[in-house]
Amino acid sequence: MPVQWSLVEVEAIVFDYLDMLEMELKGERYSKIDYNRKLQTQIGRSKGSIEFKHANISAILIEEGFPYIDGYNPDPITKNYLGIQSFVD
């Protein structure tokens, strides 16, 4: 069974996501893989785990009517179990 994300991990990935989203909305170039690698080092999660969480952040943003990062397709099925809803409220 996967280990639940801590508040510190959730904060790190949400701020990481929002940083990438801001760059995307401004039309600036950035590397998703570089952000992912940095997070892997920072929080000790796998590449896939980070990508899955990014996709779930997208689901919440769409539900709330906000733009999301192109390429992190939303996964609305599991978003309610992720502990990230409070960051967009």
Given the rule in the side chain to side chain contact (heavy atoms under 4.5 Å, CB included) test, do Ile50 and Ile13 qualify, once you have shown the distances and angles that lead to the verdict? CA-CA 8 Å; Ile50 291 167; Ile13 199 163; 3.9 Å; yes
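- In terms of heavy atoms, Ser46 sits closest to Gln40 at C-CG, 4.2 Å.
- Applying the salt bridge (Lys or Arg N to Asp or Glu O under 4.0 Å) definition to pairs two or more places apart or across chains, those involving residues 25-35 are Glu22-Lys26, Asp34-Arg37.
- Tyr72 is linked by a ring pair (Phe, Tyr, Trp, His ring centres under 6.0 Å) to His54, counting only residues two or more places apart in sequence or in another chain.
- Val8 and Val14 are assigned to two separate hydrophobic clusters, defined by single-linkage of ILVMFWY side chains at heavy-atom distances under 4.5 Å.
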Begin from the C-alpha positions of Tyr68 and Ile60 and carry the test side chain to side chain contact (heavy atoms under 4.5 Å, CB included) through to its verdict. CA-CA 9 Å; Tyr68 67 98; Ile60 291 170; over 6 Å; no
Carefully, step by step, assess Tyr30 and Asp19 under the rule side chain to side chain contact (heavy atoms under 4.5 Å, CB included). CA-CA 10 Å; Tyr30 66 96; Asp19 191 43; over 6 Å; no
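- Residues Asn73 and Ala55 share a closest heavy-atom pair of O-CB, 3.0 Å.
- Linking Ile, Leu, Val, Met, Phe, Trp and Tyr residues whenever their side-chain heavy atoms come within less than 4.5 Å leaves Ile33 and Leu39 in two separate clusters.
- Considering only heavy atoms from C-beta on, Leu25 comes within 4.5 Å of Pro67 through its side chain.
- The distance from atom CG of Asn36 to atom CE of Met20, rounded to the nearest 0.5 Å, is 8.0 Å.
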Worked check of side chain to side chain contact (heavy atoms under 4.5 Å, CB included) between Asp16 and Lys38: CA-CA 9 Å; Asp16 180 78; Lys38 182 186 86 173; 4.0 Å; yes
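- Every salt bridge (charged side-chain N to carboxylate O under 4.0 Å, His left out) that Glu9 has, sequence neighbours left out, goes to Arg45.
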